[in-house]
Protein chains: 2
Amino acid sequence: MPKLGMEPIRRAALVDATITEIGKSGTLDVTVSQIAKRAGMSSALAHHYFGSKEQIFIAAMRHTLSLYGAGVRGALAMAQGPRGRIEAVIRAGFSTTNFRREVVAAWLNFYVLAQTNAEARALLLIYQNRMRSNLVHDLRQLVGDRAEGAAERIAGLIDGLYLREALGREIPSGEDATRQVLEALDLEIGAAQ
Amino acid sequence: MPKLGMEPIRRAALVDATITEIGKSGTLDVTVSQIAKRAGMSSALAHHYFGSKEQIFIAAMRHTLSLYGAGVRGALAMAQGPRGRIEAVIRAGFSTTNFRREVVAAWLNFYVLAQTNAEARALLLIYQNRMRSNLVHDLRQLVGDRAEGAAERIAGLIDGLYLREALGREIPSGEDATRQVLEALDLEIGAAQ
DNA sequence: GGGTTTTTATTGACTCGTCAATCAATGAAA
DNA sequence: TTTCATTGATTGACGAGTCAATAAAAACCC
């Protein structure tokens, strides 16, 4: 019963299943069979479309990053003024889409992978640079030449709280984390007056 | 040629080798044989002393945490006043002992493990609570009832910069990270005046 | 002290599972 | 009849954990 044009559907299903399975196990130590089963196909088919397990992971990372990017762009589109734009970037990161257990688990493992895998590292750098440039651009207007340092601190705080919240509670609360980052942001702004 | 009393020596060698190997590979996916070989013994002996691979890892984590704790205590002993004590805690975390590639790699993998392994999570919570209580205690005298929030932000920033520095550069620079956290600390203090 | 037994240290060889990747085979559209 | 979709079965490698065997120190016994 081969319906044509299955490839993109299968790929998408595998990517989703990968995130879910990583979330379930917490590790990259999930088997292709597990992923394939959750995606409703045989492991052979998964290999057929992606070639290797590593490629499945990279695709899943790409997808996660692109979801995150879309969230940020969406939030930025609605934002008013520099402070509003920064707030948008912060909120997007801790939104319920990007701040679920599975997604955090995936991120954690991206970090681990990025230590050795060039492709993973490149993706992470893209994310980090985008974050930095977003922050610096708007901070410039708020804190002048303190912008670079402030951006580094805000970005670091986001990453750190992301990590901490994710491990600390059963259900991560983006609300608390967001509040903390906004507080730090206001300290940065206040200090420049 | 069995010299007696080898057990502690072997255990220590295995713990060291574990950190080194995790640092080399970036993952917990190192084989017991690799670790044992680096520690100068057979894998059978490693199993003899630790029982399982997981136990070897836990022991390595314990060791890393205890080194960190010792560093913090040492720095605190020399510190003057609340602001000096906080600075000591920050500097200890980014000191060259605790801020090497292998150690960061180990930490990253602890985080991954802590998602699912109760023992790992317990160890991480100990570290986090110690950090929080250190910070809150001294911040109280500097920023009053803003202490809790400030501690959360400082701790989050430390964790985040730890992560970022470790991935960003070939050789992580504790100097830059320390400067950033101290700057954030001064913002917190300044805001309370 | 000399002999025997227990304890500790140590490893090579082996078992048993698991899993990524491949392949040959099947079926259905084009 | 070519091309796409799909899978069960298989291969081949690797790796955790076990075991039996060796050796030497120590403890015990007369």
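Note on naming: letters A, B, ... go to the chains in the order of the sequence lines (proteins, then strands), and numbering restarts at 1 for each one.
By the 4.0 Å N-to-carboxylate-O rule, Glu183(B) lies too far from Arg179(B) to be salt-bridged with it. A salt bridge links Arg164(B) with Asp159(A); the closest basic N to acidic carboxylate O contact falls under 4.0 Å. Between Lys37(B) and Glu21(B) no salt bridge is recorded (no basic side-chain N to carboxylate O distance below 4.0 Å). Salt-bridge annotation for Asp186(A) and Arg83(A): present, with a side-chain N of the basic residue lying under 4.0 Å from a carboxylate O of the acidic one.
Comparing dG17(D), dG15(D), dA5(D) by their closest approach to the side chain of Thr31(B) singles out dG15(D). Among the nucleotides dT22(C), dT11(C), dA16(D), the one closest to any side-chain atom of Ala44(B) is dT11(C). Of all nucleotides listed (dT6(D), dG17(D), dT11(C)), dT6(D) comes nearest to the side chain of His48(A). Nearest nucleotide to the side chain of Lys53(B), out of dA21(C), dA16(D), dT10(C): dA16(D). When each of dA5(D), dA21(C), dT11(C) is scored by its nearest atom to the side-chain atoms of Ser52(A), the top-ranked nucleotide is dA21(C).
Across the protein-nucleic acid pair, Leu14(B) atom CG and dA16(D) atom C1' stand 15 Å apart, rounded to whole Å. Spacing between atom CE of Met41(B) and atom P of dA9(C) amounts to 12 Å, rounded to whole angstrom units. Put simply, CE on Met6(B) is 13 Å from P on dA25(D), counting in whole angstrom units. The distance between atom CD1 of Ile9(A) and atom C1' of dC4(D), rounded to the nearest whole Å, is 13 Å. In this structure, His47(A) atom NE2 and dA21(C) atom P are separated by 4 Å, rounded to whole Å. We find that CG of Leu45(A) is positioned 11 Å from C1' of dC4(D), with the value rounded to whole Å.
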Once Watson-Crick and G-U wobble pairs under 3.5 Å are found, how is DNA chain C written in dot-bracket notation, 5' to 3', with | for any base paired to another strand?
||||||||||||||||||||||||||||||
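Of the candidates Tyr162(A), Phe94(A), Tyr127(A), Tyr68(A) forms a ring-ring contact (aromatic ring centres under 6.0 Å, His included) with just one, namely Tyr127(A).
Nucleic acid contact class of Ser42(B) (heavy atoms, under 4.0 Å, all strands): base. Heavy atoms of Ser43(B) sit nowhere under 4.0 angstrom from any nucleic acid atom.
Distances shown here put a side-chain N or O of Tyr49(A) below 4.0 Å from the OP1 or OP2 atom of dA5(D). Side-chain N/O atoms of Arg10(A) include one lying less than 4.0 angstrom from OP1 or OP2 on dT6(D).
Atom CG in Leu124(A) sits 10.5 Å away from atom CG in Asn129(A) (nearest 0.5 Å).
Counting heavy atoms from C-beta outward, Ile22(B) and Glu102(B) have side chains that stay 4.5 Å or more apart.
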